[in-house]
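For reference, the structure is listed below as structure tokens.
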Amino acid sequence: MPQTDHAAPTAFDATVLPAAALQRLRDARHLLVLTGAGISAESGIPTFRDAMTGLWATFDPAQLATREGFLADPPLVWGWYVWRHAMVAGTAPNAGHQALAELAGRRRRFTLVTQNVDDLHERAGSGDVVRLHGSLAAARCLRCSRPHPMPALTLPAADGSRIEPPRCPACGNLVRPGVVWFGEHLPADALARAQAAADDADAMLVVGTSGLVHPAAGLPARARAAGALVVQVNPQPTELDAVCHHHLRGTATQVLPGLVRALGG
Ligand code: APR
């Protein structure tokens, strides 16, 4: 059962976590972090499901985030991903991404798993990010999977309107966005690494995810079942509330820098 619930703090106050929980995070032999769209929200990238700003409030996921949707209208879908790629290129990592990069540098075993398709963790200095849902930058051939660069378009030139996708120079097939669409399998190596980390970690932070999309959403329960302390950072209640031992009800930039400071060196 959740043990703590708090109004959104203006900055992380270490006393909102019981001292024993803070100590378990400090002493963790292997710390696992799972991030979702919420960690990039304060960089200006809209989340998927936030009622007011969610990306899917104005777009139909069946059209824009499925293989069938892409095949039905490749220029519509490709243009949308070119726009998202350009939008992300115009943002910068925030204090939440930076705090996690700092935390990783201090740990012997640290695994950062993200559902995000932006590159803000890497730009904040996190290396070796386990990407469960692919990357906006990693376009590839629909048939032979040969990597293909994304167009170097920036805003406002990339405005989301239709763009004919390039053709693979090797096999002539369409180039597709590098993200995992609904109904597709996650990259097997990334999923295996994330699940192995959940089995091995003795503490886990779950940051900015609604916990609605599996298998990523199953990782906190898996880590808890294997004995990890699970702490959630999110300004809103989520599907994961019952799985997490503790809840830090604030945004990533409100909570993570202070939490990382409280965890010390
Ligand atoms: N800091 C922390 N959390 C935040 C912030 C913030 N500043 N702003 C919003 N949140 C929280 C919301 O309360 C919500 O719980 O981030 C979460 C965002 O949820 P989703 O939009 O559902 O994003 P995510 O959980 O990453 O979605 C999972 O679904 O659409 C697919 O493949 C896509 O990777 C995505 C997956």
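Numbers here simply count residues along the sequence, with the first being 1. Below, all heavy atoms of this structure are taken into account, side chains as well, without hydrogens, waters or symmetry copies. Since the model is a prediction, treat every value here as computed from it, not as a measurement.
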_Heavy-atom side-chain contact between Ser210 and Gln236 under 4.5 Å_ = no
*Taking Asp202 for the side chain and Arg29 for the main chain, is one N or O donor matched with an acceptor at less than 3.5 Å?*
yes
*Report the distance from atom CD of Glu102 to atom CZ of Arg261, rounding to the nearest 0.5 Å.*
8.5 Å
*Counterpart residues, side chain to side chain contact (heavy atoms under 4.5 Å, CB included), relative to Ala190 (two or more places apart)*: Val130, Leu132, Pro187
*Could you tell me which non-hydrogen atom of Ala228 sits nearest to which non-hydrogen atom of Arg24, and how far apart they are?*
C-NH2, 4.0 Å
*Give the cluster check for Phe110 versus Leu22: same hydrophobic cluster or not, with ILVMFWY residues linked at side-chain heavy-atom distances below 4.5 Å.*
yes
_Show me the pairs that pass salt bridge (Lys or Arg N to Asp or Glu O under 4.0 Å) and involve residues 153-168, at least two apart or across chains._
Asp73-Arg162
*Taking all non-hydrogen atoms of both residues into account, name the closest pair between Ala124 and Gln98 and its distance.*
CB-N, 3.9 Å
*If you look only at pairs with a residue in residues 185-196, which of them pass as a salt bridge (Lys or Arg N to Asp or Glu O under 4.0 Å), with sequence neighbours excluded?*
Asp128-Arg193
*Backbone of Ala262 reached by a side-chain donor or acceptor of Arg26 within 3.5 Å*: yes
*Under the side-chain hydrogen bond (donor to acceptor under 3.5 Å, both in side chains) test, which residues partner His30, sequence neighbours left out?*
Thr111, Asp200
*Verify same cluster id: Val233, Val16 (apolar side-chain graph, 4.5 Å)*: yes
_Heavy-atom side-chain proximity of Pro237 to His247 below 4.5 angstrom_ = no
_Tell me if a side-chain donor or acceptor on Ser40 pairs with a main-chain N or O of Ala37 at a distance below 3.5 Å._
no
*Is Tyr81 reaching over with its side chain to a backbone N or O of Leu64, donor-acceptor style, under 3.5 angstrom?*
yes
*Side-chain heavy-atom pair His133, Asn116 within 4.5 angstrom cut-off*: no
*Who pairs with Ala252 by side chain to side chain contact (heavy atoms under 4.5 Å, CB included), at least two apart in sequence or on another chain?*
Ile39, Glu42, Val207, Leu256
*Residues, nucleotides or ligands: over 12 heavy atoms within 6.0 Å of His185 NE2*: no
With a cut-off of 3.5 Å and sequence neighbours excluded, list every side-chain donor-acceptor pair involving residues 135-146.
residue	atom	partner	partner atom	Å
Ser135	OG	Ala137	N	3.0

_The criterion is side chain to side chain contact (heavy atoms under 4.5 Å, CB included); which residues satisfy it with Thr238, sequence neighbours excluded?_
Gln232, Asn234, Leu240, Asp241
*Leu25: what forms a side chain to side chain contact (heavy atoms under 4.5 Å, CB included) with it, not counting sequence neighbours?*
Leu17, Leu31, Ala203, Leu205, Leu229, Val231, Leu259, Leu263
*Please list, chain by chain and in numerical order, all residues satisfying salt bridge (charged side-chain N to carboxylate O under 4.0 Å, His left out) with Arg222, sequence neighbours excluded.*
Asp199
*Could you walk me through whether Leu155 and Trp83 pass the side chain to side chain contact (heavy atoms under 4.5 Å, CB included) test, one step at a time?*
CA-CA 7 Å; Leu155 302 181; Trp83 166 71; 3.6 Å; yes
*Are Val77 and Ile163 co-members of a hydrophobic cluster defined by side-chain heavy atoms under 4.5 Å apart?*
no
*By salt bridge (charged side-chain N to carboxylate O under 4.0 Å, His left out), which residues pair with Glu239, not counting sequence neighbours?*
none
_Heavy-atom check, side chain of His85 versus side chain of Pro177, under 4.5 Å_ = no
_Over all atoms of both residues, closest heavy-atom pair of Ser126 and Leu112_ = OG-CD2, 3.6 Å
_Closest heavy-atom pair and its distance - Glu122, Asp118_ = OE1-O, 4.3 Å
*Tell me, do Val117 and Arg84 make a side-chain contact under 4.5 Å, heavy atoms counted?*
yes
*asked:* Minimum heavy-atom separation for Asn94 and Ser43, please, with both atom names.
replied: ND2-OG, 3.2 Å
*Leu100 reachable from Leu34 in the ILVMFWY side-chain graph, under 4.5 Å edges*: no
*ring-ring contact (aromatic ring centres under 6.0 Å, His included) involving His121 - partner list, sequence neighbours excluded*: His97
*For Pro151 and Val82, work out which heavy atoms get closest and say how close.*
CG-CG2, 3.9 Å
*Quick one: ring-ring contact (aromatic ring centres under 6.0 Å, His included) partners of Phe70, sequence neighbours excluded?*
Trp181
*Are any side-chain N or O atoms of Thr253 and backbone N or O atoms of Gly96, one a donor and one an acceptor, separated by less than 3.5 Å?*
no
*Can Val33 be reached from Leu186 by stepping across I, L, V, M, F, W or Y side chains whose heavy atoms are under 4.5 Å apart?*
no
*Measure the CG-CD distance between Leu76 and Gln63 for me, rounded to the nearest 0.5 Å.*
5.0 Å
